[in-house]
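Quick notes on the structure that follows.
Because the structure is a prediction, the values reported are computed rather than measured. So you know, we letter chains A, B, ... as the sequences are listed, proteins then strands, and number each from 1.
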2 protein chains.
Amino acid sequence: MKQPFEKRELKKKSENLSDWYTDVILKSELADYAPVKGCMVIRPYGFSIWEKVQEIFNGLMKTKGVQNAYFPLFIPLSLLEKEKEHVQGFSPELAIVTIGGREKLKDPLVVRPTSETIIYAMYAKWIHSWRDLPMLINQWNNVVRWEKRTYLFLRTTEFLWQEGHTAHETEKEAMEMVLTALDWYRQVYEDYFALPVVYGIKSQSEKFAGAKATYAIEALMPDGKALQAATSHNLGQNFSKPFDIHFQNREGKEDFVWQTSWGISTRSLGGLFMAHGDDNGLILPPKIAPIQVVIMPIFQKDRESVISYCGQLKEVLTNGGIRVHIDNREEPSVGRRFNEWEIKGVPLRFEVGQRETTDRSVTVARRDTGQKVTLTRDQMLIETEKLLVTIQGQLFTKQKEFLTKNTHDVDSYEGFKKIMETSRGYLRALWCEDAVCEAAIKKETKASTRCLLLETKNEQGACIHCGKAATHRWLFAQAY
Amino acid sequence: MKQPFEKRELKKKSENLSDWYTDVILKSELADYAPVKGCMVIRPYGFSIWEKVQEIFNGLMKTKGVQNAYFPLFIPLSLLEKEKEHVQGFSPELAIVTIGGREKLKDPLVVRPTSETIIYAMYAKWIHSWRDLPMLINQWNNVVRWEKRTYLFLRTTEFLWQEGHTAHETEKEAMEMVLTALDWYRQVYEDYFALPVVYGIKSQSEKFAGAKATYAIEALMPDGKALQAATSHNLGQNFSKPFDIHFQNREGKEDFVWQTSWGISTRSLGGLFMAHGDDNGLILPPKIAPIQVVIMPIFQKDRESVISYCGQLKEVLTNGGIRVHIDNREEPSVGRRFNEWEIKGVPLRFEVGQRETTDRSVTVARRDTGQKVTLTRDQMLIETEKLLVTIQGQLFTKQKEFLTKNTHDVDSYEGFKKIMETSRGYLRALWCEDAVCEAAIKKETKASTRCLLLETKNEQGACIHCGKAATHRWLFAQAY
């Protein structure tokens, strides 16, 4: 006989972050390994968080008139090859369909790793005049970049994302779009995931294959490693020229459009799950939690009155816009079910027994701090709302403190190496902007350039590695 | 220089349905051909209709507790082969990935044509006891079934759909789910698409590969051909046995689960576009139309007051929950823009000129009938709501009349053939239920069995083709 998954023995975050991360994702039923190498299954609990991200991001995109559409999964290899740097960057990661309808294909089809080429072939057809611009299109889809080993959410062959693709009359307008998208990502991470980010421009060697410049937001994980959470690219005219996306401008002359693309994927959820959480399981920020309150009826004798009272509480909370679930299962034991909801990271647990039913009250336990308070039914809705806001804020503050504490200016390579061997974190160091130097630092310390923060001021100094002249302090970190 | 798409010369529905259908889909910007054989691009206007279907169907599924999840795009060929009838049915249509990450794959990966096998491999892992049942999971995704020629929406290699997959303790419960899903599809088609459907069980030769029985809803197109709009399958234990999805039942014994799967795809939108509409373009039923009202400011002199008045109208309608767009482009001409919105099938056009602005009124033109009425600003919201309801109802009634008029009982094969050569439509005829006879009828008349209507009563008679004993009157039609 098959054995149900053992939920109690969760691995400890305080002992091994990576083991805990995989274990908590499986046991909270966010996701599971699939019977296909490199792939995962996103289970309903995890998928409902992704649906929340979609809802939030669709709302943000709507403010600027970005519209959703759908482009094909398959890209003819010949089309992908039109932008040289682009195909070079992606070719090691491609999955290729060579057989279709029992026949060998003459022009093999690439399973999209990203959709610039197929979308821009259409833009060339659709864009004629400045009146057609800006063209602001997004798609939510699945993309494939070959991986041999799965790291749940963080590294999978197939992942879900959105990819925004815009075309503009001027580079100035395109740059505004690049930064607007970057700020939308910052909002998703900071305002919903309760994770502070840094954001800036990537170095030439770290940029998107085919972009003129790549901007990214990055979050810091509990082990001091950075996670690139989303990227936004200024494509310049790098694609519009080979794809011949030209238009008649306001002066009646032909010009090539200026383009951007930007994306956030299910990878970003990995950061959310890894950053918060403790030895007891996930801790989901209330704004993104599929269930914000779990109501646990605890029976001694008068089962019906407890159940009925729980139903009333649920109705009040639901009408107040709070996402509630009543757990009235008879098995497993109450203690075991408490553990399950802790593993799942539900922000608030309402305990309702005979006493609470008689008193018209409820005992509320916070997932993040473990604190318990008793609320009367009359004050319940408003106090619950306050608690959810408080938790959201405190989770962010805690992460912000962690980020600040683990961001250092360093001016000696010895100091740089020492920190990378111990606590890690972000190091702000002068770098000469030579890719050779960047590669050497990465080889010696595992730390890569993460970005040049947008607000970074010019500085005169020596590169931390080679000592040559450097003008900017870049952000370095080891990264996922 | 590129030429903008010529919008005015729309092909006539009254002359050639098929030419009109393709032309109106391209010119209304619902979709476009992609630079990949067999594939299409769903443009923002078309995709927003699909998003509406998703919203409606998510709402219906929620009433029964079906949850969304995501399973991998790729299925190892070895997994697909576990259910013999299933793999036989799909193997002519498969797209197969043989190269991944620059290496030839030992076990080639099939791009999912449907996800029974990959999902049920997970169900075997997740289901242990009757307490885990019913398991009710749905996914919205893309699937691939090889096609050489594209017929926009109706036949494409890749299409979007939802696939629901459920597991139950008993066959009775599974059958309830099969019929519930079928009724959800009926609701989507009848209540939103304004298209009456017939629904029933498919013949053995027309059923889903691997199912015990397939149920379908079908709509009748203007040329008298049927369109299978959605299907719902009773899988029995056909998959749970080879995939070993067993559970401990309430009596403590091991049993295999009873399963269902059901889907509706972007193909269903093809029926929506083809059925309604006339020589001037699409006619979208208000409940599914992305834009229900287009406001057209018509300037003579006092441009600002007209624009400002249009803004007020939009605000009132939007606050009333109506989807509104103001077309204040300066080009092309007003007449040309009228044509554009007619092609796009927007249910109501509001014309607002100097006179309307001064009178605080609006001139409203109906897309379906061309009728014009003048509304005062005070009665505008309520009258617009009424008009939208009226249009929705009248579109349905018109289609219902067409369906009734084109459904005939026939008792002679000569009569059967004659109708199939002329007006087509649904023919209800006695059939012996022998697949050989079914194939002969199809070869001779192009008409296939569509379904056995659920309410069909037993009858004693002779098969319309071979004259052998027959007990049921089946529905026959030529089909897309």
Toward chain B, the part of A:E103 with a non-hydrogen atom under 4.5 Å: side chain
B:P72 to A:M40 - nearest heavy-atom pair and separation: CG-O, 3.6 Å
Pick from A:T157, A:V144, A:T266, A:D132 with the largest number of heavy-atom pairs that fall under 4.5 Å of chain B: A:V144
Interatomic spacing from CD1 in B:I96 to CZ in A:R102 - rounded to 0.5 Å: 9.5 Å
B:W146 and A:F74 aromatic ring geometry - parallel, tilted or perpendicular at 30°/60° bounds: tilted
Check: A:L73 main-chain N/O paired with B:E158 side-chain donor or acceptor under 3.5 Å: yes
Closest-packed option against chain B by number of heavy-atom pairs under 4.5 Å, given A:E93, A:Q67, A:E331, A:K148: A:E331
Atom pair CG/NZ of B:L105 and A:K37 - distance to nearest 0.5 Å: 8.5 Å
Interface residue of largest heavy-atom contact number with chain A, from B:A95, B:G46, B:P92, B:C39, under 4.5 Å: B:P92
Chain A contact via B:R329 - which portion, at a heavy-atom distance below 4.5 Å: neither
All side chain to side chain donor-acceptor pair (under 3.5 Å) counterparts of B:R267, not counting sequence neighbours: none
CZ-CZ distance between B:F71 and A:F47, expressed to the nearest 0.5 angstrom: 10.5 Å
Contact origin within B:L94 toward chain A - heavy atom pairs under 4.5 Å: backbone
Side-chain donor-acceptor pair present, A:N141, B:N142, cut-off under 3.5 Å: no
Heavy-atom pair of closest approach, residues A:P76 and B:V36: CD-CG2, 3.7 Å
Region of A:E51 in contact with chain B, defined by heavy-atom distances below 4.5 Å: side chain
Pair A:D32-B:W126, side chain to side chain contact (heavy atoms under 4.5 Å, CB included): steps then yes or no: CA-CA 10 Å; A:D32 204 344; B:W126 296 340; 2.9 Å; yes
Residue part contacting chain B, namely of A:S91, when any heavy atom lies under 4.5 Å: both
Closest-packed option against chain B by number of heavy-atom pairs under 4.5 Å, given A:P35, A:A34, A:S48, A:G38: A:P35
Closest-packed option against chain B by number of heavy-atom pairs under 4.5 Å, given A:R131, A:Q139, A:R145: A:R131
